[in-house]
2 protein chains.
Amino acid sequence: MGRTADYSKQSCAVAATLEVVGDPWTLLILRDAFQGVRRFEQWQDRLGVARNVLAARLKALVANGVLTTRLYSERPPRKEYLLTHKGKDLRPVLLTMAAWGDQHVYGEGGGPHVRIHDPCGHEFKAKLVCEGCGEALTPGDLTFEARHEGHMPTVAEAMAKA
Amino acid sequence: MGRTADYSKQSCAVAATLEVVGDPWTLLILRDAFQGVRRFEQWQDRLGVARNVLAARLKALVANGVLTTRLYSERPPRKEYLLTHKGKDLRPVLLTMAAWGDQHVYGEGGGPHVRIHDPCGHEFKAKLVCEGCGEALTPGDLTFEARHEGHMPTVAEAMAKA
DNA sequence: TGGCTAGGTTTTGTTTTGCAACGGACCTAT
DNA sequence: ATAGGTCCGTTGCAAAACAAAACCTAGCCA
């Protein structure tokens, strides 16, 4: 059979997200979209991705509601790809990944780019907090629970019992 | 050439991160690792991933310093896979993705699981803030700048230093 | 007429994946 | 002791996704 993992059976929000953006190129396409890329040729130049693959990814992203198309020229018909609200909400995912890459792949010196947080003027460093209490994340401070009846015993639960 | 995107030319922290965890299965393997999975058969049962692929991914994750192995049985030699510090730091990435999946794939009702933030007792909702000023992210509040003058260290170089 | 651009699609191979079978090395129950 | 079971992979094969480059449509330019 094919390559793609059948994330859909996983019944998990992470798997659901990966089903949309889990492709090797998709997140890079979106990274460029956040930096203003909107046209086929721009992505092709920047990423060097095969044209057929790029066409397939853009089509899938539109189908999934992450991007929309808009004609910027009637004759000849030319369309550009814009982030939807759903797509813009992926920015935290990319920033979190960028933060990890800066710290753990590039190390001390930091990555090749700096992101400046305009409101405060300092380098932006991503920090994840609990929206409810505003506290930062600490190891092991989360407990998983099934929301729906149809119970799926997780490993976490199984280990908690042991 | 083969299938795999050559992220290494991208010279970008996102691409660097994807080089480590951008594989279709890798993030699901790590998701389970955060829920306590440590052994080959556990992953195989839960994910249904092909055994050769799982073996390859685990090997790559160890090579990349995201997981370590530890013998839990001398005879027969059996090893388990544990998250390193570097690996544990990927938790924000997974939580951010989970938050997006909950909101945009599952929608109103929320995803199949709830994550409880033990310190405050409420459902954990991920929020990304600027570590410097503590303010939440708003659209277009980041500016990108190149850090280095002439030279952009490639991922390959960065890894060679490590 | 010929050349150029933008945005793809088609064609032709190469890589990777999924699957199932096999392997070794050790336990345990009969 | 021998048969079965567990755990952790490795090997071989067909199918799917991929990469590269040629090709196509549709207009525009001169």
Side-chain angles (χ1 to χ4, degrees), chain A residues 1-10 15 18-29 32-33 36-63 67-82 155 158, chain B residues 1-10 15 18-29 32-33 36-63 67-82:
Chain A
M1 288 241 301
R3 184 202 121 264
T4 301
D6 192 356
Y7 295 134
S8 61
K9 292 195 193 130
Q10 297 291 331
L18 286 172
E19 186 136 354
V20 178
V21 299
D23 183 89
W25 285 110
T26 299
L27 282 171
L28 291 179
I29 290 170
D32 284 358
V37 169
R38 290 180 216 172
R39 319 243 268 244
F40 191 93
E41 295 294 313
Q42 284 179 297
W43 274 299
Q44 222 277 305
D45 292 346
R46 291 168 59 104
L47 297 176
V49 57
R51 300 173 73 83
N52 52 356
V53 174
L54 176 57
R57 290 298 157 271
L58 290 174
K59 196 173 288 185
L61 285 169
V62 170
L67 299 177
T68 352
T69 53
R70 191 178 71 85
L71 281 178
Y72 68 89
S73 156
E74 290 284 347
R75 309 173 38 71
R78 293 277 182 275
K79 58 182 166 180
E80 59 188 0
Y81 296 84
L82 301 172
V155 172
Chain B
M1 284 242 303
R3 184 198 123 269
T4 300
D6 192 355
Y7 295 135
S8 62
K9 292 194 193 131
Q10 297 291 330
L18 286 172
E19 186 136 349
V20 178
V21 300
D23 183 87
W25 284 111
T26 300
L27 282 171
L28 290 178
I29 290 170
D32 283 358
V37 168
R38 289 180 219 172
R39 319 244 265 245
F40 191 93
E41 293 294 314
Q42 284 179 296
W43 273 299
Q44 223 276 307
D45 292 346
R46 289 170 58 101
L47 297 177
V49 57
R51 301 174 74 82
N52 53 353
V53 174
L54 177 56
R57 291 301 158 270
L58 290 174
K59 196 172 287 184
L61 285 169
V62 170
L67 298 177
T68 353
T69 52
R70 191 178 69 86
L71 281 178
Y72 68 89
S73 155
E74 290 284 347
R75 311 171 36 72
R78 291 280 183 275
K79 56 183 165 180
E80 59 187 1
Y81 297 84
L82 301 172

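Protein chains get the first letters and strands the later ones, always in sequence-line order, with residue 1 at the start of each.
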| said: Looking at A:I29, is its backbone amide N or carbonyl O close enough to the side chain of A:W43 to form a donor-acceptor pair, meaning the two atoms are under 3.5 Å apart? | reply: yes
| Whole angstrom value for the distance that separates P of D:dC18 from CG of A:L28 | 14 Å
| Rounded to the nearest 0.5 Å, how far apart are NZ of A:K79 and CG of A:L58? | 9.0 Å
| side-chain N/O A:R38 vs C:dA6 OP1/OP2, d < 4.0 Å | no
| remark: A:L54 CG to C:dT10 P, in whole Å, measures 16 Å
| query | Does any nucleotide pair with C:dG23 by Watson-Crick or G-U wobble geometry, both distances under 3.5 Å, and what is it? | reply | none
| request: Quickly work out the B:L71 CG to D:dC8 C1' distance and round it to whole Å. | output: 12 Å
| said: What is the distance, to the nearest angstrom, from the CD atom on B:E80 to the P atom on D:dC7? | reply: 13 Å
| query | Among the nucleotides C:dA6, C:dC19, C:dT17, which one has an atom lying closest to any side-chain atom of B:A50? | reply | C:dC19
| said: What is the distance, to the nearest angstrom, from the CG atom on B:L47 to the C1' atom on C:dC19? | reply: 16 Å
| message | Side-chain N or O of A:W25 versus OP1/OP2 of D:dA19: is the shortest distance under 4.0 Å? | response | yes
| remark: Among C:dT9, D:dC7, C:dG18, the one nearest any side-chain atom of A:A55 is C:dT9
| said: Using OP1 and OP2 only, check whether a side-chain N or O of B:K79 sits under 4.0 Å from C:dA25. | reply: no
| What does C:dG8 pair with, Watson-Crick or G-U, if both distances are under 3.5 Å? | D:dC23
| task | Compare side-chain N and O positions of B:Y81 against OP1 and OP2 of D:dC7 and report whether any pair is under 4.0 Å apart. | result | no
| message | Can you tell me which nucleotide in D:dC7, D:dA20, C:dT17 comes closest to the side chain of B:Y72? | response | D:dC7
| request: Could you pull out the closest heavy-atom pair between B:L61 and B:V20, with the gap in Å? | output: CD2-O, 4.3 Å
| side-chain hydrogen bond (donor to acceptor under 3.5 Å, both in side chains) against A:R39, all qualifying residues, sequence neighbours excluded | A:Y72
| said: Output the rounded distance in Å from CD (B:Q44) to C1' (D:dT10). | reply: 14 Å
| message | Can you list everything that forms a salt bridge (charged side-chain N to carboxylate O under 4.0 Å, His left out) with A:R38? Sequence neighbours excluded, please. | response | none
| query | How about A:V37 and A:R46: do any of their side-chain heavy atoms sit closer than 4.5 Å? | reply | yes
| message | Output the rounded distance in Å from CG (B:D23) to P (C:dT16). | response | 11 Å
| field | Whole-Å distance separating the CD atom of B:Q42 from the C1' atom of D:dT6 | value | 13 Å
| query | Nucleotide by nucleotide, 5' to 3', does protein get under 4.0 Å of the base (B), only the sugar-phosphate (S), or neither (-) in nucleotides 21-30 of chain D, counting heavy atoms? | reply | -----BSS--
| field | Side-chain ion pair, B:E41 and B:R51, N-O less than 4.0 Å | value | yes
